[in-house]
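What follows is one structure encoded as structure tokens, with my remarks underneath.
When a ligand or atom number is given, it counts from 1 through the structure's own listing order.
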Amino acid sequence: MATLGIHSKKHKVAIVGSGNWGTTIAKVVAESVAEHPELFEETVQMWVYEEQYQIPKDSKHHDPGSEVSTKPQKLTELINGLHENVKYLPGIPLPHNIVANPDAGDTVRDATILIFNLPHQFIGRVCDGLKGKIVPYARGISCIKGVEVSDKGCELFSDSIGEKLGIYCGALSGANIATEVALEKWSETTVAYDPPSMDSKHPTPHETPTGSPRGSSLNLTALSGHATGEIISPKGKKTKLLALPSEYPPLTHANVKKLFHRPYFHVRMVSDVAGVSLGGALKNIVAVAAGFVEGLGWGNNAKAAVMRVGILEEVKFGKMFFASSVKTETFTEESCGVADLITTCSGGRNFRCAKMSIEEKKPIGEIEERELNGQKLQGTSTAYEVNEFLAKQGLEGEFPLFTAVWSILEGKHKPEDIPALIEREGSGK
Ligand SMILES: NC(=O)c1ccc[n+]([C@@H]2O[C@H](COP(=O)([O-])OP(=O)(O)OC[C@H]3O[C@@H](n4cnc5c(N)ncnc54)[C@H](O)[C@@H]3O)[C@@H](O)[C@H]2O)c1
Ligand SMILES: O=P(O)(O)OC[C@H](O)CO
């Protein structure tokens with residue numbers, strides 16, 4: 001009789017995205033797969049939005065005698081040749097089992113685990129291009145911090161990716177400034193993974209092989225890999241889900257954790273995908289507010305006030321619009337909640353660029369262009385998207401800090417108005 005310890009196939013992992021965080025997570029995952037050859041294939045494909053890049057003169061890779069240094073080169077070729085993402089994660093050596101690939105379809109071919117890690121404004125189009133190119137029983141993890149606002153309302157990227165590709169998608173988010181993680185400075189993160197059980201007799205928040213109760217023998221009727229389940233999103237949308245064939249190691253919380261956990265990157269597994277996703281998305285708006293007050297030269301007390309109101313609005317947003325799934329403890333106890341708010345308001349890109357925009361009296365978009373070398377702020381666009389969603393329902397007043405950030409970006413208010421704006425509305429009540 002087969003046991004769960006014996007699996008003829010291993011998971012192939014692909015990363016969709018290769019920016020500052022995308023490349024960092026590729027490094028984390030490439031190290032993990034090498035450490036767990038019993039579960040994962042060794043090579044990690046990483047999709048790169050191809051561009052030409054010229055190695056700067058201050059890079060250690062710059063060699064005035066070589067054509068590679070004097071002419072722009074394809075970023076994928078630079079990454080594969082130098083084992084470094086010289087544009088988006090310079091100075092960090094990458095494991096040699098990462099392969100940068102400019103073809104998204106080729107990157108995900110045969111992959112059973114897809115990790116989505118892109119600035120949120122690009123993910124919709126990228127997923128459209130992946131339709132029909134993925135393994136139908138693949139599983140996803142979204143590392144994207146943002147929400148998708150459309151005619152359908154406000155959706156989590158884990159849900160919209162899942163719906164578009166017909167797969168289950170969990171989420172990873174935490175107090176994770178990419179450069180610190182890449183430098184292997186200790187951090188924590190939260191991974192939410194909660195696929196529906198494929199076996200009504202053995203409901204479990206973790207994924208077992210097709211129809212098999214955990215820890216027992218395989219169910220032979222399930223070996224075909226055609227058992228199906230259904231995901232119901234917090235918005236009630238149903239997506240048919242194909243079970244993971246039992247030839248693969250089960251994607252239990254323990255095995256998913258093995259994909260991300262490093263000595264310097266500690267993972268806590270939870271089941272609250274909505275809470276994890278919303279914490280990561282909404283804190284970016286709060287970080288902009290924190291940058292505004294710091295840019296005014298106000299002190300730590302002002303920033304703490306913004307953060308206090310910010311976490312209350314995060315929880316309120318989750319409870320109001322994703323009531324069936326969000327847990328308050330996710331925001332208060334896990335890295336993806338208050339801890340992310342603290343780190344992001346201390347040294348994140350949204351905070352730093354918002355601060356500079358006030359100090360220099362320049363639009364934040366101009367600072368983003370100048371300072372980030374192609375990296376993208378998420379807080380400004382998320383402030384607009386959340387405002388659009390709230391305004392449609394006349395609910396801006398319920399979220400005075402989120403609304404204040406939008407209003408300041410729009411030039412309708414000044415950062416100095418923040419105390420009055422959040423006081424007037426009685427925030428957090
Ligand atoms: N950087 C961090 O510290 C950090 C940490 C945790 C989470 N996150 C989140 O991770 C997600 C990804 O962020 P990141 O830091 O990897 O990205 P980034 O800010 O470094 O953005 C640059 C990436 O965008 C890509 N890009 C540019 N134009 C594109 C286009 N038209 N289509 C597709 N891709 C395009 C670039 O190729 C590059 O890979 C975001 O949601 C972010 O909030 C970032
Ligand atoms: O640099 P930011 O502002 O995009 O924030 C980075 C991370 O999300 C912090 O956890």
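- Contacts of W21 with ligand 1, taken as heavy-atom pairs under 4.0 Å, involve both backbone and side chain.
- Residue nearest to atom 19 (O) of ligand 1, selected from K376, E50, E368, Q378: K376 (by heavy-atom distance).
- Contacts with ligand 1 closer than 4.0 Å are made by backbone heavy atoms (N, CA, C, O) of C143 only, the side chain lying farther away.
- Salt-bridge formation is detected for the pair R262/E35: a Lys NZ or Arg NE/NH1/NH2 atom is positioned less than 4.0 Å from an Asp or Glu carboxylate oxygen.
- Near R349, meaning under 4.0 Å from any of its heavy atoms, are these atoms of ligand 2: 1 (O), 2 (P), 3 (O), 4 (O).
- Every atom of ligand 1 with a heavy atom of S18 under 4.0 Å away is listed here by number and element: 39 (O).
- Near I177, meaning under 4.0 Å from any of its heavy atoms, are these atoms of ligand 1: 3 (O).
- At a heavy-atom distance under 4.0 Å, no atom of Q378 approaches ligand 2.
- Distances shorter than 4.0 angstrom occur between a heavy atom of G174 and an atom of ligand 2.
- Here N350 has heavy atoms under 4.0 Å from ligand 2 in both its backbone and its side chain.
- Between F317 and F399, the gap from one ring centroid to the other is short of 6.0 Å.
- Heavy atoms from other residues, nucleotides or ligands lying under 6.0 Å from NZ of K74 number 12 at most.
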Decide side-chain hydrogen bond (donor to acceptor under 3.5 Å, both in side chains) for Y264 and E31; before the verdict, give the C-alpha distance in whole Å, the side-chain angles of both, and the deciding distance to 0.1 Å. CA-CA 12 Å; Y264 59 87; E31 291 168 1; 2.6 Å; yes
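- Heavy-atom contacts of I144 reach the following atoms of ligand 1: 41 (O) (cutoff under 4.0 Å).
- Near K145, the atoms of ligand 2 lying under 4.0 angstrom from a non-hydrogen atom of the residue are 7 (C), 8 (O), 9 (C), 10 (O).
- The distance from ligand 2 to the heavy atoms of T344 drops below 4.0 Å at these ligand atoms: 3 (O), 5 (O).
- At least one heavy atom of K283 sits closer than 4.0 Å to an atom of ligand 2.
- Contact annotation: for L377 versus ligand 2, there are no heavy atoms closer than 4.0 Å.
- When heavy-atom distances to ligand 1 are checked against a 4.0 Å cut-off, R125 has no atom that comes that close, whether in backbone or side chain.
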